[in-house]
Amino acid sequence: MFMQKNLFSHLPQRYGSYALVTGASEGIGQCFAEELAKSGMNVVLVARRLDRLNALALSLEAKYKILCPVIQADLSSADGVERVLELTENLELGLLVCNAGFGSAGDFLDVDLETEVNMLNVNCTAVTKLVHHFARKFKMKGTGAVILLSSIVATQGVARSAHYAATKAYVQTLGEGLQQEWRGSGLDLLIVAPGPVNTGFAKRSKMQLGKAATPEVVAKQALQALGQKKMVHPGGLAKCMSLALSTAPRALRIKIMGAIMGSMTRHLSP
Ligand SMILES: NC(=O)c1ccc[n+]([C@@H]2O[C@H](COP(=O)([O-])OP(=O)(O)OC[C@H]3O[C@@H](n4cnc5c(N)ncnc54)[C@H](OP(=O)(O)O)[C@@H]3O)[C@@H](O)[C@H]2O)c1
């Protein structure tokens, strides 16, 4: 019988037996977990919604005969991040996917500040702590990989999603710097910068997406690029948008992305 070759079966050998995916309960993170489990890696699943994590763990363990420890953690809190570090202490982890994150839309002065601070904690502070903790371990072993979720919004200011874009600019800049620092160390770092993706993200962030990539495409194209490229814009739309933006001066990019976000948030205007 013809068996389809698993494109990612080299991952356990290259990085070790365990991967950790934050934000694995839905969307892009869930697809990363599926692809990594399919590759033969055990996958630690992290998010807040325990019912969804448990259901995913059961399904992946049955389908791929791997282990999926579940960690319920709110990454907007220091305790939540600490819980992840403690509960993974004895695992041979070699691949970290910092995927958990959310956005917000509307004029910055009208949005709820507590939500914005939580977003900063999840999108930036938790990422910083997790990368610092796990990459130090990877460095001691001389191998390991980190995947960071940036966005097409990360490379310029974006009106009506100004703070979300700023959190992704943080992730993008952190990733670029670390790539340079880690040259020759055996550590891989991939920046994933999608355009719109059809997940729970739009509803949470109150954006109305038009054409969008699927989360499956994002996870697959990211894992294909890991260890080969520094950055990937998964899906046709993100590739076109990044190409178009790359030729424009920053001031023009700010205008273009402001107009795009304006159309995605028009329903929020009084
Ligand atoms: N979708 C897009 O258009 C798009 C575009 C560019 C970049 N991205 C980035 O891609 C990443 C994944 O987004 P997605 O599209 O897959 O969104 P999603 O479907 O809304 O999933 C977000 C995931 O993050 C988790 N999460 C959110 N807040 C959390 C918290 N406080 N603690 C722990 N986990 C938390 C959620 O789990 P729980 O709710 O169970 O905690 C969920 O599993 C994000 O970093 C996002 O910024 C998305």
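Just follow the structure's listing: the first ligand is 1, and inside any ligand the first atom is 1. Everything numeric here is computed off the predicted structure, so don't read it as measured data. Below, each value reflects all heavy atoms present in this structure, side chains not excepted, and no hydrogens, waters or symmetry copies.
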S.K.: With a 4.5 Å heavy-atom cut-off, do Leu245 and Met257 have their side chains touching?
M.R.: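 With C-beta onward as the side chain, the pair touches.
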S.K.: Heavy-atom contacts with Ala73 under 4.0 Å: which atoms of ligand 1 show up? List them by number with element.
M.R.: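 Answer, ordered by atom number: 32 (N), 33 (C).
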S.K.: Less than 4.0 Å is my threshold; does some heavy atom of Pro215 fall inside it relative to ligand 1?
M.R.: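 No, that is not the case, since the closest heavy atom of the residue is not under 4.0 Å from the ligand.
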S.K.: Identify, by atom number and element, the atoms of ligand 1 in contact range of Gly27, meaning under 4.0 Å from any of its heavy atoms.
M.R.: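 Near Gly27, meaning under 4.0 Å from one of its heavy atoms, ligand 1 has 16 (O), 19 (O).
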S.K.: Is the shortest N/O to N/O distance between Ser151 and ligand 1 below 3.5 Å?
M.R.: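 No, Ser151 has no N/O under 3.5 Å of an N/O on ligand 1.
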S.K.: I'd like to know if Glu26 and Arg204 make a salt bridge, using a cut-off of under 4.0 Å between side-chain N and carboxylate O.
M.R.: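 Answer for the salt bridge query: yes.
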S.K.: With the 4.5 Å side-chain cut-off for hydrophobic clustering, are Leu190 and Phe138 part of the same group?
M.R.: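 Different hydrophobic clusters.
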S.K.: What protein heavy atom is closest to atom 43 (O) of ligand 1, reported as residue, atom name and distance in Å?
M.R.: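 Answer, as residue, atom name and distance: Ser25 OG, 2.8 Å.
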S.K.: Contact between ligand 1 and Ser76 is defined here as a heavy atom of the residue under 4.0 Å from a ligand atom; is it met?
M.R.: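 Within the 4.0 Å threshold, so yes.
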S.K.: Are Leu149 and Ile152 grouped together when hydrophobic residues (ILVMFWY) are joined by side-chain heavy atoms under 4.5 angstrom apart?
M.R.: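 Leu149 does not cluster with Ile152.
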S.K.: Are Ser104 and Glu116 linked by a side-chain donor-acceptor pair shorter than 3.5 Å?
M.R.: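 On atom types as modelled, these side chains qualify, holding a pair under 3.5 Å.
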S.K.: I need the single residue from Lys230, Lys229, Arg183, Arg14 that forms a salt bridge (charged side-chain N to carboxylate O under 4.0 Å, His left out) with Asp188. Which is it?
M.R.: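 It is Arg14; the other options fail the test.
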S.K.: In this structure, does ligand 1 have an atom that sits under 4.0 Å from one of the heavy atoms of Gly80?
M.R.: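 No; Gly80 lies far enough from ligand 1 that no heavy-atom distance drops under 4.0 Å.
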S.K.: Starting from atom 27 (C) of ligand 1, what is the nearest protein heavy atom, named by residue and atom, and what distance separates them?
M.R.: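 Looking at atom 27 (C) of ligand 1, the protein heavy atom closest to it is Arg48 NH2, 3.6 Å.
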S.K.: What part of Lys168, side chain, backbone, both or neither, has a heavy atom within less than 4.0 angstrom of ligand 1?
M.R.: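 Looking at Lys168 and ligand 1, just side chain atoms fall under 4.0 Å.
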S.K.: Examine distances only and state if a side-chain atom of Thr214 and a backbone atom of Val217 form a donor-acceptor pair shorter than 3.5 Å.
M.R.: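 Indeed, once roles are kept as given, a pair shorter than 3.5 Å links the two residues.
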S.K.: Specify the protein heavy atom at minimum distance from atom 22 (C) of ligand 1: its residue, its atom name, and the distance to 0.1 Å.
M.R.: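 For atom 22 (C) of ligand 1, the nearest protein heavy atom is Gly101 O, 3.8 Å.
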S.K.: For ligand 1, which atoms have a heavy atom of Arg49 less than 4.0 angstrom away?
M.R.: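 By the 4.0 Å cutoff, the relevant atoms are 37 (O), 38 (P), 39 (O), 40 (O).
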S.K.: Identify the protein heavy atom lying closest to atom 18 (P) of ligand 1, giving its residue, its atom name and the separation to 0.1 Å.
M.R.: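 Nearest neighbour among protein heavy atoms for atom 18 (P) of ligand 1, to 0.1 Å: Phe201 N, 3.7 Å.
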S.K.: May I ask you to check if ligand 1 and Pro194 share an N or O to N or O distance below 3.5 Å?
M.R.: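 No; every N/O pair is 3.5 Å or more apart.
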S.K.: We want to know whether Ser9 and Asn6 form a side-chain donor-acceptor pair, criterion being a heavy-atom distance below 3.5 angstrom.
M.R.: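 The answer is no; no qualifying pair exists.
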S.K.: Please state which option from Ile71, Thr167, Leu75 has its nearest heavy atom closest to atom 32 (N) of ligand 1.
M.R.: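 Nearest option to atom 32 (N) of ligand 1, by heavy atoms: Leu75.
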S.K.: Does any N or O in the side chain of Ser161 come within less than 3.5 Å of the main-chain N or O of Val158, such that one atom is a donor and the other an acceptor?
M.R.: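 No; zero donor-acceptor contacts below 3.5 Å.
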S.K.: Considering heavy atoms of the protein only, find what lies nearest to atom 3 (O) of ligand 1 and give residue, atom and distance to 0.1 Å.
M.R.: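 Checking every protein heavy atom, the shortest distance to atom 3 (O) of ligand 1 gives Val197 N, 2.8 Å.
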S.K.: Quick one: look at Val122 and ligand 1, take heavy-atom pairs under 4.0 Å, and tell me if it's side chain, backbone, both or neither.
M.R.: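 Contact part for Val122 vs ligand 1: side chain (C-beta onward).
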S.K.: Pick, from Asn198, Asn99, Leu149, the option with the minimum heavy-atom distance to atom 44 (C) of ligand 1.
M.R.: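 Result: the heavy atom closest to atom 44 (C) of ligand 1 is in Asn99.
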S.K.: Assess whether a salt bridge exists between Glu35 and Lys38, defined as any Lys/Arg side-chain N lying under 4.0 Å from an Asp/Glu carboxylate O.
M.R.: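 Between Lys38 and Glu35 there is a salt bridge, with a charged N closer than 4.0 Å to a carboxylate O.
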S.K.: For Asp74, counting its heavy atoms only, list the atoms of ligand 1 lying under 4.0 Å from any of them.
M.R.: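 Near Asp74, meaning under 4.0 Å from one of its heavy atoms, ligand 1 has 30 (C), 31 (N), 32 (N).
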S.K.: Which residue owns the protein heavy atom closest to atom 14 (P) of ligand 1, what's the atom, and how far is it?
M.R.: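 The closest one turns out to be Thr199 OG1, 3.4 Å.
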S.K.: Taking atom types as modelled, is there a side-chain donor on Glu34 or Gln30 under 3.5 Å from an acceptor on the other?
M.R.: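 Their side chains do not contain a donor-acceptor pair, so the 3.5 Å distance test is not met.
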S.K.: May I ask you to say whether Lys137 pairs ionically with Glu89, meaning some side-chain N is under 4.0 Å from a carboxylate O?
M.R.: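 A salt bridge links Lys137 with Glu89.
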S.K.: Could you check which of Gln72, Arg52, Arg204, Gln30 puts a non-hydrogen atom nearest to atom 36 (C) of ligand 1?
M.R.: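 Ranked by closest heavy atom to atom 36 (C) of ligand 1, first place is Arg204.
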S.K.: Checking the side chain of Arg160 only, and the main-chain atoms of Thr265 only, is there a donor and an acceptor separated by less than 3.5 Å?
M.R.: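 Checked: pair present.
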S.K.: Taking the side chain as every heavy atom from C-beta outward, state whether Leu209 and Asn198 have any atom pair closer than 4.5 Å.
M.R.: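 Counting from C-beta outward, Leu209 and Asn198 never come under 4.5 Å.
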S.K.: Atom 9 (C) of ligand 1: which protein heavy atom is closest, and how many Å away?
M.R.: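 Among all protein heavy atoms, the one nearest atom 9 (C) of ligand 1 is Tyr164 OH, 4.0 Å.
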S.K.: How far is atom 16 (O) of ligand 1 from its nearest protein heavy atom, and which residue and atom name does that atom have?
M.R.: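 Here the nearest protein heavy atom works out to Ile28 N, 2.8 Å.
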S.K.: For ligand 1, indicate whether the residue Pro196 contacts it via side chain, backbone, both or neither (heavy-atom separation under 4.0 Å).
M.R.: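 Backbone only.
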S.K.: Answer yes or no: does an N/O atom from Ala47 fall short of 3.5 Å to an N/O atom of ligand 1?
M.R.: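 In fact, backbone or side chain, Ala47 has no N or O that close.
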S.K.: Between ligand 1 and Ser150, is the shortest N or O to N or O distance under 3.5 Å?
M.R.: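 Ser150 vs ligand 1: no N/O contact under 3.5 Å.
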S.K.: Counting heavy atoms only, which of Gly200, Ala219, Gly23, Gly195 comes nearest to atom 25 (C) of ligand 1?
M.R.: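 That would be Gly23.
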S.K.: Report yes or no: does Thr22 contribute a side-chain atom to a donor-acceptor pair with the main-chain N or O of Ala100 at less than 3.5 Å?
M.R.: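 At least one qualifying donor-acceptor pair exists.
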